[in-house]
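Sequential numbering from 1 along the given sequence is applied to the chain's residues.
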Amino acid sequence: MLTKIMLFSKLFLLLMIVNVYAYRSKSPLIKNVYRGGVHLEGPHWAKAENALYWVDISLQRLHRLDAETGNITTRDIGYGPVSLVMSAKDYPKMVVVAVRAELYLLSWDAPAGDKALRLLSAVDIGLPDNRINDGKADAKGRLWFGTMGKETAQTLEKDQGTLYMLDQYNYKTPEEMVRPVSISNGIAWTSDNKFMFYIDSPTRNIDVFDYDLDNGTIRNRRTLFSFQANNVTGVPDGMTIDREGNLWVACYDGGKVIKVDPRAGKLLEQHKIPATKVTSVMWGGHEQSILYVTTSNLNLNPVEQSQQPEAGSLFAIEGTGSSGYTEHQFVFPNADKY
């Protein structure tokens, strides 16, 4: 009888160990890739370079991760808040970067100084406190980007921004697509390019438009997911989409990334991040199976900073079981000669 009890105990223990390791193997792994930032944003994966770009808005910097070597290089801009970076198609290490309310072309390997930045466009003229915030390129290489009004630690001037569309033809006067907006943020498209998802952060909603890829137009805006109705803390910030058509959304002041089924308007998953101010997300890696996550420590008090020593870091989440598409690039012929 004692032998049977001992055998049963050993079997039970073995099953417990197996279950623990099975659970661990299915749990995503979160790695800290880069520390020491203030307000990281705008991760962009350049597949042709096997590299990730991102910005530090407050420190006015661009960063680039060489995924093959793990080496990180930095460009200091110094003109003002740097909020968007995106690679230019067919021109490796050539990027379009947003500084204040202007867009510039920049060759990553160009010498430091004013000559490295070539002014492409300026928006929100007459609104000196406005700045560009977030943006993405569609399947034809048009740049969709938005602006926001003056922001302090406590207040935001609402309804001062605009969502613009810029391409190789209208870059001097980008087309206004949505106005007014308060904090223009995450953008994503379905794989068939029939729908465009969009976030104006203070609304705490994810909205969707019908999308016409050929003409670059949007219509029929409606809300598909409400943070308030689904009891999700924080506000929606940056956003991307996976191969199954699900949205992955950064929750600023929510300390997590959420996965949403836009067809059902259903919350599927929540992934906790060791920083409350989660700013944006983007798929990267050889198979676009790594979810890169940017965070901020902006306006954290001393107690919060001690509780969140990794705030202001770039994280990589591996093992979610999901992956994304190759991110679109900005199309601008002869960008190297502009």
Side-chain angles (χ1 to χ4, degrees), residues 27-45 52-59 63 65 81 83-85 133-136 146 148 151 153 156 182-188 197-206 225-228 230-242 246-260 267-284 290-301 304-320 322 324:
S27 298
L29 176 65
I30 301 178
K31 297 180 179 179
N32 191 313
V33 177
Y34 173 85
R35 300 172 183 265
V38 175
H39 192 36
L40 304 187
E41 255 284 9
H44 167 77
W45 178 256
L52 181 82
Y53 291 92
W54 72 99
V55 305
D56 191 320
I57 296 176
S58 298
L59 295 184
H63 299 287
L65 167 68
S83 54
L84 181 156
V85 61
N133 193 46
D134 205 353
K136 295 281 179 65
M148 57 181 284
E151 184 181 36
L156 166 73
S182 294
I183 302 181
S184 188
N185 244 315
I187 301 173
F197 305 103
Y198 178 64
I199 290 170
D200 182 358
S201 290
T203 67
R204 302 190 72 226
N205 294 329
I206 303 170
F225 186 86
S226 162
F227 269 43
Q228 181 175 350
N230 287 276
N231 297 313
V232 177
T233 55
V235 299
D237 204 319
M239 171 173 60
T240 189
I241 193 166
D242 66 23
N246 297 309
L247 298 171
W248 294 71
V249 186
C251 300
Y252 192 83
D253 281 334
K256 58 184 172 289
V257 173
I258 61 171
K259 177 181 178 181
V260 173
L267 178 63
L268 299 177
E269 297 175 11
Q270 301 188 59
H271 298 273
K272 188 171 178 58
I273 305 297
T276 55
K277 298 179 183 296
V278 184
T279 57
S280 194
V281 290
M282 178 50 57
W283 296 105
I290 300 173
L291 187 69
Y292 288 101
V293 182
T294 50
T295 65
S296 172
N297 63 24
L298 194 66
N299 300 321
L300 293 181
N301 62 43
E304 291 170 330
Q305 288 182 359
S306 67
Q307 294 171 340
Q308 303 174 47
E310 294 186 276
S313 293
L314 169 71
F315 296 94
I317 306 180
E318 300 177 2
T320 63
S322 298

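Partner of His39 under the side-chain hydrogen bond (donor to acceptor under 3.5 Å, both in side chains) criterion, out of Ser58, Ser296, Ser83: Ser296 alone. Looking at Tyr292, Tyr53, Trp54 one by one, the single match for ring pair (Phe, Tyr, Trp, His ring centres under 6.0 Å) with His63 turns out to be Trp54. Checked options Leu314, Ile273, Asn32; the residue passing with Thr295 is Ile273 (criterion: side chain to side chain contact (heavy atoms under 4.5 Å, CB included)).
For the atom pair NZ (Lys136) and OG1 (Thr240), the distance works out to 5.0 Å, reported to the nearest 0.5 Å. Leu29 CG to Ile290 CD1: the interatomic distance, rounded to the nearest 0.5 Å, is 10.5 Å. Atom-to-atom distance recorded for Ile241:CD1 and Lys259:NZ is 11.5 Å, nearest 0.5 angstrom. Residue Ile206 holds its CD1 atom at 5.5 Å from CD1 of Ile258, rounded to the nearest 0.5 Å. Rounding to the nearest 0.5 angstrom, the gap separating the CE atom in Met282 from the CE atom in Met239 is 10.0 Å. The CZ atom of Phe315 sits 12.5 Å away from the CG atom of Leu291 when rounded to the nearest 0.5 Å.
Listed for the Thr320 side chain is a donor-acceptor partner under 3.5 Å among the backbone atoms of Ser322. A donor-acceptor contact shorter than 3.5 Å is absent between the side chain of Thr294 and the backbone of Thr279. With hydrogens and angles ignored, the 3.5 Å screen pairs a side-chain donor or acceptor of Asp56 with a backbone N or O of Leu59. In this structure, Gln308 contributes its side chain and Asn297 its backbone to no donor-acceptor pair below 3.5 Å. Side chain of Asn133 to backbone of Asn185: no donor-acceptor contact under 3.5 angstrom is found. The backbone N or O of Ile183 lies less than 3.5 Å from a partner atom in the side chain of Asp200, making a donor-acceptor pair.
For Lys256 and Thr233, the side-chain atoms include at least one donor-acceptor pair closer than 3.5 Å. In the model, Trp248 has a side-chain atom that pairs as donor or acceptor with a side-chain atom of Asp242 under 3.5 Å.
Across all their heavy atoms, Ser184 and Tyr198 have their closest contact at OG-OH, 2.7 Å. Minimum heavy-atom separation, Ser280 to Glu41: CB-OE1, 3.4 Å. Nearest heavy-atom pair across Lys272 and Ile30 is O-CD1, 3.3 Å. Smallest separation of non-hydrogen atoms from Val235 and Ser201: CB-O, 3.9 Å. Annotation for Phe225 and Leu267: closest pair CE1-N, 3.9 Å, computed over non-hydrogen atoms. The two residues Leu40 and Gly312 come nearest to each other via the heavy atoms CD1-O, 3.3 Å.
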